[in-house]
Amino acid sequence: MDKAKVAEILEEIGTLLDLKGENPFKVRAYHNAARLIGGLQQDLGALVETGQLRELKGIGEALSEKITELWKTDRLKYHDDLKASLPSGLVEMIAIPGFGPKRAQVVHKKLKADSIEKLEAACKDGRIAQLEGFGEKSQENILQGIEQLRRFAGRHHYHKALAAALGILESLREHPAAIRCEYAGSLRRCRETVGDVDFLVSAKEKDAPALIERFVRLPGVISINAKGETKSSVVLDGGIQADLRVVSDAQFPFALAYFTGSKEHNIALRVRALARGLSLNEYGFSKAGKDKDEKGARDTGSVIQCRTEEDIHEAMELDYIPPELREEMGEIEAAEKGKLPKLIEKENLRGTFHCHSTWTDGAETIGSMAVAAQELGLDYLGMADHSKSEFQARGLKDDQIPGYIAETRKLDRKFRKLGLRIFAGIEVDILENGSLDYSDKILAQFDYCIAAVHRGFTMDEMTMTARIVKALANPHVTMLAHPTGRLLLSREAYAVDMRAVIEACAKHGVIIELNSHPWRLDMDWRWWKFAKERGVKCAINPDAHGTPDFQSLAIGVGIARKGWLTRDDVINCLPADKVEAVLKARRK
DNA sequence: GCCGTTTTCGGCCCGACTGTTTTCAGTCG
């Protein structure tokens, strides 16, 4: 059993315990463990065998035994028993917005409703409204929630959420009552996918209702889930949920930190505050241990004044932690010791690789791609059109290669005078047997080669891993394109052991592409952190099929920052003369 | 379930909104 499956089962146990009304802290222990195991970089098998599981913070005796049983026998009796004791439909039910474990328990007990369909039927014939603690309004909301769940299941791509957020942010900033405006949540943390978008505005208390009103009336709002004095929640066209909070300007940095999350990072920060005799919430610091009826930071103001998030971190004796790192993945410990990396900035990018042209399936000529790169202020542009097996993309046949390279060289000479270098590369297919789509003799003519899997996605993980690892051994391979194939939110996907692939890149000195194209965002930031630790370099590539795709470089920088990458880890931060040497290093 | 700079037992982060109540539980983030 792999660790993703172990994590999934632990997560499900947490949910089932929640449904049973178990101790919420026990529930949390399972959810935490699921997150911990799912994000583990070490080999889970090794931890199990050597009995080191218990050294992980959050894994005690009980969880350690259960994980070991899962790993060794592929099953867990505790999980099986738990599952057998509850109808599976209840788990699906609590995905309905506003409908949680307690209410699922009630409808199951009183109405024998054990599926979304039965719950829906009970709403439609009015039985839900009769239940104690429910009413007409609840019944209606459940129906709406079911509809929303069916229409807009799942998460949204970062770029799509960002586009929606920027429009809303602009409208909010235009409001005269708004002092400071920002988006927060997973979008600010640059997660590859985003569940909902959180907005935060600071304003005078009397202006809050007007801002809430502006928010719920924005074009693109298709329904309003909640609307209070300081908080509102809506659904945007396209199904993205957007939340707004209005706070005073003094509260703004605390609220921004709070709503940026992650939840786990926030909890860790609060625990740290408590250890310093402080209680931290979205309004400020207050003295810990106060009586219930004593006023908190919301009413009395923060006992430590903070103008920015930097001030808050300083008050906790931490270096400033950028939003991208706030995942409770070691950032607090690093900030405490002053060991946070100086993350890559968008301005650090000097050029990029992996661009397509009209030679294959790109929309523009190499010349117009070069002009756009120049306008972006880049120092170099790396072309990488498709290889011959990509016949649907008009991949370059052997006899086209001299022409392709000649045109690239000619444009290079022309643009070099204008301050832009153009490199002749190729995106070469990794065939099903792990060999490459061209002979070594042809590959040797390019400045660099990006190896990529484009077909045969259905092979098993071991075979796929062996296929890629074999290709990486070819000394002409400079980079590995879109490495996991786990194209997020897409049906295209293949199973691969990312750990083995990263180790192979480390061994052969292959650079891994951080593919910033919205549809190809694939490698989780935790793997980037691992790649960095293994000394593997990264190239942030737009996989551009036209000049608008260059915009996605900003997304790539965001993911790189999440992976704790610095300028030293990203080869396109190098100037043109140095990068050429890096591209050729393997062949020497 | 986990955990310990006071703890091996008794804690475990904190607040807004909704719908149902008439003081609060459930849900969410």
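Letters A, B, ... are given to chains in the order of the sequence lines, protein chains preceding strands, and every chain is numbered from 1.
- Atom name P, nucleotides dC9(B) and dC14(B): the rounded distance is 25 Å, in whole Å.
- In this structure dT8(B) sits in no base pair that meets the Watson-Crick or G-U test at under 3.5 Å.
- Within 4.0 Å of E22(A), counting heavy atoms only, lies no atom of the nucleic acid at all.
- Rounded to an integer number of Å, the gap from L244(A) CG to dC17(B) P is 11 Å.
- The residue among L56(A) and V271(A) whose nearest nucleotide of DNA chain B lies closer to the 5′ end is L56(A).
- A donor-acceptor pair is defined here as one N or O able to donate and one able to accept, closer than 3.5 Å; such a pair exists between the side chain of Q251(A) and the backbone of S248(A).
- A heavy-atom distance below 4.5 Å is not found between the side chains of I559(A) and L565(A).
- Note on Y30(A): only backbone sugar-phosphate atoms sit closer than 4.0 angstrom, heavy atoms only; bases stay farther off.
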Once base and sugar-phosphate atoms are separated, protein heavy atoms under 4.0 Å mark nucleotides 20-29 of chain B, 5' to 3', with B, S and - as S-----SSSB

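- A donor-acceptor pair under 3.5 Å is formed between the side chain of S115(A) and the backbone N or O of K118(A).
- Taking atom C1' in both dG1(B) and dT5(B), the straight-line distance is 24 Å, to the nearest Å.
- Residue T230(A) has its side chain nearest to dA16(B) when only dA16(B), dC12(B), dC3(B) are considered.
- Separating the C1' atom of dT6(B) from that of dG11(B) is a span of 12 Å, rounded to the nearest Å.
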Anything under 3.5 Å between a donor and an acceptor, one on a side chain of residues 331-339 of chain A, the other on a protein residue two or more places apart or in another chain? List them.
from    : atom 1 : to      : atom 2 : distance (Å)
E331(A) : OE1    : E328(A) : N      : 3.2
E331(A) : OE1    : M329(A) : N      : 2.6
E331(A) : OE2    : H265(A) : ND1    : 2.8
E331(A) : OE2    : E327(A) : N      : 3.1
E331(A) : OE2    : E328(A) : N      : 2.5
E336(A) : OE2    : R272(A) : NH1    : 3.0
E336(A) : OE2    : R272(A) : NH2    : 3.3

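- Heavy atoms of R28(A) sit under 4.0 angstrom from at least one base atom.
- The side chain of Y283(A) contributes an N or O atom lying less than 4.0 Å from OP1 or OP2 of dA16(B).
- Regarding contacts with the backbone of dC13(B), every side-chain N or O of N266(A) stays at 4.0 angstrom or more from both OP1 and OP2.
- Backbone-only engagement by I59(A) is indicated by non-hydrogen atom pairs under 4.0 Å involving sugar-phosphate atoms exclusively.
- Rounded to whole Å, the separation between the P atoms of dT22(B) and dG15(B) comes to 26 Å.
- With C1' as the reference atom, dT20(B) and dC12(B) are 29 Å apart, rounded to whole Å.
- Although no hydrogens or angles enter the test, the distance criterion places a donor-acceptor pair under 3.5 Å between the side chain of R180(A) and the main chain of D249(A).
- Across all non-hydrogen atoms, the minimal contact from I502(A) to A531(A) is CG2-CA, 3.8 Å.
- Taking 4.5 Å as the limit, some side-chain heavy atom of F285(A) sits within range of a side-chain heavy atom of I312(A).
- For the pair I37(A) CD1 and dG1(B) P, the computed distance is 15 Å after rounding to whole Å.
- Within 3.5 Å, a donor on the side chain of N23(A) pairs with an acceptor on the base of dG1(B), or the reverse.
- Contact annotation for F254(A): no contact, since no heavy-atom pair falls under 4.0 Å across all strands.
- Using atom C1' as the reference point in both dG29(B) and dC13(B), the two lie 12 Å apart (nearest Å).
- A cation-pi arrangement is present between R103(A) and F134(A) under the rule of less than 6.0 angstrom and at most 45 degrees off the ring axis.
- Proximity of L53(A) to V48(A): side-chain heavy atoms (C-beta onward) are separated by under 4.5 Å at one or more points.
- Each of dG15(B), dG1(B), dC14(B) was ranked by its minimum atom distance to the side chain of S279(A); first place goes to dC14(B).
- A close approach under 4.0 Å does not occur between any side-chain nitrogen or oxygen of N141(A) and OP1 or OP2 of dT18(B).
- Remark: the separation of the P atoms in dT21(B) and dA16(B) is 24 Å, to the nearest Å.
- In terms of phosphate contacts, R54(A) brings no side-chain nitrogen or oxygen within less than 4.0 Å of OP1 or OP2 of dC2(B).
- Considering only side-chain atoms of A226(A), the nucleotide from dG1(B), dA16(B), dT18(B) that sits closest is dT18(B).
- Counting non-hydrogen atoms under 4.0 angstrom, L17(A) reaches nothing in the nucleic acid.
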